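Scroll down for the structure; my scribbles are underneath it.
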Amino acid sequence: MTLLKAVRGTRDLLPPETELWNRVEATARRVFTRYNFGEIRTPIFEDTQLFARSVGEETDIVSKEMYTWEDRARAQSEKSQSLTLRPENTAGVVRAYIERKLGEAGLLRKLFYIGPQFRRERPQKGRYRQFWQIGAEVIGPPSAGSESPLRDAEVLEMLASFLDELGITGWTLVLNSVGSSTDRPRYIAALREALKDKAPQMCADCQRRAETNPLRVLDCKVPEDQPIIEALPRIADHLDEDSKAHFAAVLAALDACGVPYTINPRLVRGLDYYTRTTFEFTHGGLGAQNALLGGGRYDGLSEMLGGPRAPGIGFALGLDRLILTLQASQSDAAPNLADAFIAPLGEAMNAPALTLARELRREGLRIELGDGAFRLKKSFEIGNKLARSIILLGEDEHRSGILTVKNFAAGEQVRVPRADVARHLRP
RNA sequence: GCGGCUAUAGUUCAGUGGCAGAACACCGGACUGUGGCUCCGGGUGUCGUGGGUUCAAAUCCCACUAGCCGCCCCA
């Protein structure tokens with residue numbers, strides 16, 4: 001029989017690595033809560049149209065990387081529906097914002113999410129087909145201040161604090177503005193116009209990009225193409241006064257609070273819905289996947305999805321990559337040991353041992369329970385690997401209520417009244 | 001989706017046509033109420049999968065699968 005395996009691009013997360021995941025997620029919840037964000041959990045699959053309309057039909061994500069299937073009709077009256085495992089979470093959040101009328105209160109909504117996303121890409125280190133993202137969105141009616149550059153700066157400052165609090169050093173914040181929802185199409189049109197002449201002299205990838213996604217031409221790394229790219233129209237020259245002022249205000253706020261950044265006029269994001277501020281936090285040592293997180297403003301997204309005007313800004317952080325970065329930067333942690341290993345001496349002591357374990361666990365201690373069928377030597381060997389101390393529970397101890405407790409590191413063995421054991425073991 | 005490298009024990013790896021190996025880990029014993037250190041014993045394996053060549057294949061050939069690296073793109 002063929003052995004079943006986790007499907008390509010998916011994997012099992014196991015202890016002790018999952019402790020690190022929990023720590024990162026707990027830190028995100030703690031930090032984001034200080035900024036008054038609340039958690040949202042959207043469905044893991046949505047109507048395919050949601051992603052086609054928000055992320056963009058022409059993007060690689062939608063055109064070739066989605067897990068899409070036709071949900072069969074269960075009755076004559078029911079239509080089949082094209083469903084897709086979410087490739088990112090902003091679209092789902094904005095869909096919920098519209099559907100649940102979250103803007104009606106007239107306040108900003110500040111929502112974060114933690115969950116798996118799915119893209120059918122070629123797997124690589126730090127890139128999986130089921131990958132995890134932590135993200136947050138600030139969205140609301142313009143009257144609530146959702147367009148304010150202060151929101152952009154606040155989100156960026158929050159991310160800097162989050163990475164700092166995790167102990168990640170060496171990150172770089174890269175910023176750009178891709179213009180308002182009217183600037184952006186105008187700039188893309190200008191770019192297309194300029195590329196009509198220039199594209200044929202460029203690399204094959206750029207010739208393709210010129211057709212499908214002209215903004216990505218700016219990202220090209222082929223040396224021969226650089227002079228041509230330098231001569232192309234610049235985004236900065238196509239920003240209207242409001243967008244220029246917005247970007248300047250974001251930078252000023254970052255300067256004021258001391259968050260360092262660099263501006264990269266060529267930073268463009270792949271998703272269609274981005275407007276004005278776009279950003280990335282990058283980190284060395286991630287190979288080709290050097291972006292830890294990315295995000296930006298999406299002032300027109302709600303309207304693209306048929307909702308009210310609801311400008312927003314958000315980001316998505318690749319948890320898989322963040323974990324890699326943390327693992328690379330920290331030395332191997334000491335094994336996480338239980339407080340005690342209980343060794344019943346003889347199978348008659350099994351039930352009393354479970355009772356003792358119950359008492360100690362209710363005291364909040366982390367207890368590993370052995371088995372009376374083990375020879376004592378084996379109990380010591382196992383206990384030494386799993387716990388800081390071993391508690392012997394034989395006939396004597398059971399009768400007298402005086403337990404034998406030995407600390408492995410110190411090699412010290414003492415007799416402790418049962419009532420005092422929890423206090424004795426507590427670190 | 002494209003190009004390259006790789007796949008042998010739980011792990012890291014050696015083995016390039018002739019009995020499947022090392023280190024660490026693991027299991028048993030020396031030691032029936034005492035771990036670590038020591039000593040003795042044990043290989044725990046569909047050599048990624050399926051074909052082919054050969055008297056003989058872990059080794060050579062083909063296909064497939066998976067991982068890694070780069071590209072595309074992206075978190």
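Predicted, not measured: the structure shown is a model, and the values here were computed from it. Basis for what follows: all heavy atoms, side chains included, without hydrogens, waters or symmetry-related copies. Below, chain A is the first sequence line, B the second, and so on; all start at residue 1.
- Remark: R11(A) qualifies as a cation-pi partner of Y128(A) under the 6.0 Å distance and 45° angle criteria applied to the six-membered ring.
- Side-chain nitrogen and oxygen atoms of R8(A) include at least one within less than 4.0 Å of the OP1 or OP2 phosphate oxygen of A66(B).
- Nucleotide U11(B) has A23(B) as its partner under the Watson-Crick or G-U criteria, with both atom distances under 3.5 Å.
- One side chain, S243(A) or R276(A), offers a donor N or O that lies under 3.5 Å from an acceptor on the other.
- At a threshold of 4.0 angstrom between heavy atoms, the contacts of T404(A) include nucleobase atoms, whether or not backbone atoms are also involved.
- If you check every strand for non-hydrogen atoms under 4.0 Å, D396(A) touches a base.
- Nucleotides C64(B) and C71(B) have their P atoms positioned 25 Å apart, rounded to a whole Å.
- Scanning atom types as modelled, no donor and acceptor separated by under 3.5 angstrom connect the side chain of E65(A) and the base of G1(B).
- Rounded to whole Å, the distance from CD1 on I168(A) to C1' on A75(B) is 13 Å.
- Residue G9(A) is classed as a sugar-phosphate contact, given heavy-atom separations below 4.0 Å to backbone atoms only.
- Atom-to-atom, CG of D320(A) to C1' of G67(B) comes out at 16 Å; the value is rounded to the nearest Å.
- For R375(A), the side-chain atoms get nearest to G29(B) when compared with the rest of G29(B), G35(B), C68(B).
- Closest approach of A249(A) and P149(A) over heavy atoms only: CB-CG, 3.4 Å.
- Atom C1' of nucleotide C5(B) and atom CD of Q124(A) are separated by 13 Å, given to the nearest angstrom.
- For the 3.5 Å distance criterion, the side chains of S161(A) and E157(A) qualify, holding a donor opposite an acceptor.
- One atom, CD of E280(A), and another, P of C73(B), lie 13 Å apart when rounded to the nearest Å.
- OP1 and OP2 of G36(B) both lie 4.0 Å or more from every side-chain N or O belonging to K406(A).
- For F112(A) and F32(A), the ring centers are positioned less than 6.0 Å apart.
- Judged purely by distance below 3.5 Å, without hydrogens or angles, the side chains of T404(A) and E397(A) pair a donor atom with an acceptor atom.
- Across every strand in view, C71(B) sits in a pair with G1(B) that passes the Watson-Crick or G-U test at under 3.5 angstrom.
- Residue contacts for L392(A): at a heavy-atom cut-off of 4.0 Å it reaches a base atom on one of the strands shown.
- Pairing for C37(B) is absent, with no Watson-Crick or G-U wobble pair whose two atom distances lie under 3.5 Å.
- A donor-acceptor pair is defined here as one N or O able to donate and one able to accept, closer than 3.5 Å; no such pair exists between the side chain of D320(A) and the backbone of F131(A).
- If you take CG of L337(A) and P of G35(B), they are 19 Å apart, rounded to a whole angstrom.
- As rounded to the nearest Å, U59(B) and G15(B) have P atoms that lie 14 Å from one another.
- Between G36(B), A75(B), C72(B), one nucleotide has an atom nearer to the side chain of N384(A) than all others, and that is G36(B).
- Within 4.0 Å (heavy atoms only), G295(A) reaches no atom of the nucleic acid at all.
- Across all strands, R11(A) comes closer than 4.0 Å to no nucleic acid atom at all (heavy-atom distances).
- Spacing between atom NZ of K378(A) and atom C1' of C26(B) amounts to 11 Å, rounded to whole angstrom units.
- Using a 5.5 Å limit on the distance between ring centres and a 30° limit on the angle between planes, the aromatic ring of F408(A) does not count as stacked on the six-membered base ring of G36(B).
- Atom pair L403(A):CG and U34(B):P shows a separation of 18 Å (rounding to whole Å applied).
- A23(B) and U44(B): their C1' atoms are spaced 16 Å apart (whole Å).
- For A56(B), there is no paired base (Watson-Crick or G-U wobble, both distances below 3.5 Å).
- Comparing the C1' positions of U46(B) and A7(B) gives a spacing of 15 Å, expressed to the nearest Å.
- Between Q117(A) and A75(B) there is no side-chain polar atom (N or O) within less than 4.0 angstrom of OP1 or OP2.
- Nucleotides G18(B) and A58(B), compared at atom P, are 10 Å apart to the nearest Å.
- Between R120(A) and G1(B) there is a side-chain polar atom (N or O) within less than 4.0 angstrom of OP1 or OP2.
- When heavy atoms are screened at a 4.0 angstrom cut-off, E88(A) is found touching no nucleic acid atom at all.
- Looking at R127(A), its side chain has no donor and acceptor atom pair within 3.5 Å of the base of C68(B).
- Taking every side-chain heavy atom of E381(A) into account, G36(B) is the closest of G36(B), C73(B), A75(B).
- The gap from the C1' atom of G43(B) to that of U38(B) amounts to 23 Å, rounded to the nearest Å.
- Comparing the P positions of U54(B) and U49(B) gives a spacing of 23 Å, expressed to the nearest Å.
- Nucleotides of RNA chain B nearest to L376(A) and P123(A) differ in position, and the one nearer the 5' end is that of L376(A).
- Comparing G48(B) with U11(B), their P atoms are spaced 13 Å from each other, to the whole Å.
- I382(A) has its CD1 atom 16 Å from the P atom of U34(B), to the nearest Å.
- In this entry G50(B) has C62(B) as its Watson-Crick or G-U wobble partner, both defining distances falling under 3.5 Å.
- Remark: the N89(A) side chain and the Q133(A) side chain contain no N/O donor-acceptor pair separated by less than 3.5 Å.
- The side chain of K5(A) lies closest to A66(B) when the candidates are G33(B), A66(B), C27(B).
- The backbone N or O of T42(A) sits less than 3.5 Å from a side-chain atom of R86(A), completing a donor-acceptor pair.
- At a cut-off of 3.5 angstrom, the base of U34(B) holds no donor-acceptor pair with the side chain of K377(A).
- Both E121(A) and K64(A) lie close to RNA chain B; mapped to their nearest nucleotides by heavy-atom distance, the more 5′-ward contact belongs to K64(A).
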